[in-house]
Amino acid sequence: MNPRRTKENLSPHVQQAFFPYFKSLKAVHGDNLVSVFLYGSATGTDFVPGVSDINSGLVFRKLDFPALQKSLPVVSEGLKKKIPAPLFLTKESIANALDVFPLEFRDMQENHVIIDGEDVISVLEIKDEHVRLFCEQQIKGRLIRVRQGYLETGLSPQRVSLLLQEALTTLMPVFRNLLRLKGEPLPSSKPEILERLCGVFQLKRDVFLKIHKHKSGEAKIPPDEMAVDLDQFLIELGKLAEQVNGL
């Protein structure tokens with residue numbers, strides 16, 4: 001979490017887009033709203049106007065279908081400004097979801113700004129065992145999906161390229177949280193996270209960094225190397241899965 005993040009130091013674009021949106025929702029729901037918060041890239045310096053979404057959450061005292069219906073006109077207008085439909089939550093629904101979505105709520109804790117009402121996010125108690133189990137599920141599930149995807153698309157280097165990029169993108173939050181579980185300081189950039197992950201879990205970093213550079217456009221993987229890199233990526237993910245199982 002970063003206590004220095006406040007609604008006053010959000011980017012001007014986020015303020016101009018979200019504050020009127022929030023006021024419209026407040027006018028609709030009044031005292032039924034317990035908390036309104038932003039999370040994700042909209043709260044930090046890596047927000048890109050017109051590209052990054054403005055993700056938000058609303059916590060209600062009572063959440064029923066009429067509350068959804070009343071929100072439709074405001075939410076529809078927000079979609080035109082890169083404001084996806086907010087997460088509609090209650091304190092009870094959050095408490096009941098912590099074991100199922102531990103990474104999502106932990107990331108919210110570290111990247112959120114309270115716009116109005118209570119800070120219901122900072123006080124959440126997320127158990128490390130739930131995080132560990134979720135990470136293990138994600139890695140093992142991705143191994144299965146990548147193998148299956150290769151069988152379906154392996155004759156097309158372009159499709160294998162997309163398979164690698166999607167796998168790395170999906171697993172980056174997992175990698176960050178594995179470093180947290182090991183008590184490691186969290187680097188700010190993705191290459192540094194991959195370097196630290198491979199160092200801590202004794203993995204071959206070259207393939208991870210190569211896929212990252214390919215995805216970012218820094219250095220494309222030649223088509224005739226795709227299968228070799230996919231093979232190595234699967235081997236290293238398998239090693240990681242075994243170690244996470246033992247954490």
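Since the structure is predicted, the reported quantities are computational estimates derived from the model, not experimental observations. Positions are given from 1 along the sequence.
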Please state whether the rings of Phe22 and Phe18 are parallel, tilted or perpendicular, taking 30° and 60° as the class boundaries.
parallel

Can you list everything that forms a salt bridge (charged side-chain N to carboxylate O under 4.0 Å, His left out) with Glu104? Sequence neighbours excluded, please.
none

Residues 36-44, side-chain donor-acceptor partners within the protein, below 3.5 Å, at least two apart:
unit_1	atom_1	unit_2	atom_2	d
Thr43	OG1	Arg5	NH1	3.2
Thr43	OG1	Gly40	O	2.8

For His130, give me all partners under side chain to side chain donor-acceptor pair (under 3.5 Å), at least two apart in sequence or on another chain.
none

For residues 138-156, which side-chain donor-acceptor pairs fall under 3.5 Å, sequence neighbours excluded?
unit_1	atom_1	unit_2	atom_2	d
Lys140	NZ	Glu136	OE2	2.6
Thr153	OG1	Gly149	O	2.7
Ser156	OG	Arg159	N	3.3

For Asp206, all residues meeting salt bridge (charged side-chain N to carboxylate O under 4.0 Å, His left out), sequence neighbours excluded:
none

With sequence neighbours left out, the residues meeting salt bridge (charged side-chain N to carboxylate O under 4.0 Å, His left out) with Lys91 are Glu118

How is the hydrophobic cluster of Val48 composed, in terms of its other members, when Ile, Leu, Val, Met, Phe, Trp and Tyr link through side-chain heavy atoms under 4.5 Å apart, directly or indirectly?
Val51

Tabulate below the donor-acceptor pairs under 3.5 Å that side-chain atoms of residues 226-239 make, not counting sequence neighbours, or state none.
unit_1	atom_1	unit_2	atom_2	d
Asp229	OD1	Lys210	NZ	3.4
Asp229	OD2	Lys210	NZ	3.1
Gln232	NE2	Glu236	OE2	2.7
Glu236	OE1	Lys204	N	3.0
Glu236	OE2	Lys239	NZ	3.2

Salt bridge check: are Arg180 and Asp128 linked by an N-O gap of less than 4.0 Å?
no

Validation: residues 68-76 side-chain donor-acceptor distances under 3.5 Å, sequence neighbours left out:
unit_1	atom_1	unit_2	atom_2	d
Ser71	OG	His29	NE2	2.7
Ser71	OG	Ala67	O	2.8

Those residues that, when tested against Glu77, pass salt bridge (charged side-chain N to carboxylate O under 4.0 Å, His left out) (two or more places apart):
Lys80

Can you name the side-chain contact (heavy atoms from CB on, under 4.5 Å) partners of Pro222, sequence neighbours left out?
Asp224, Glu225

Under 4.5 Å between side-chain heavy atoms, counting indirect links through other Ile/Leu/Val/Met/Phe/Trp/Tyr residues: same cluster for Ile94 and Leu58 or not?
no

Applying side-chain contact (heavy atoms from CB on, under 4.5 Å) to Arg61 and not counting sequence neighbours gives Asn32, Val34

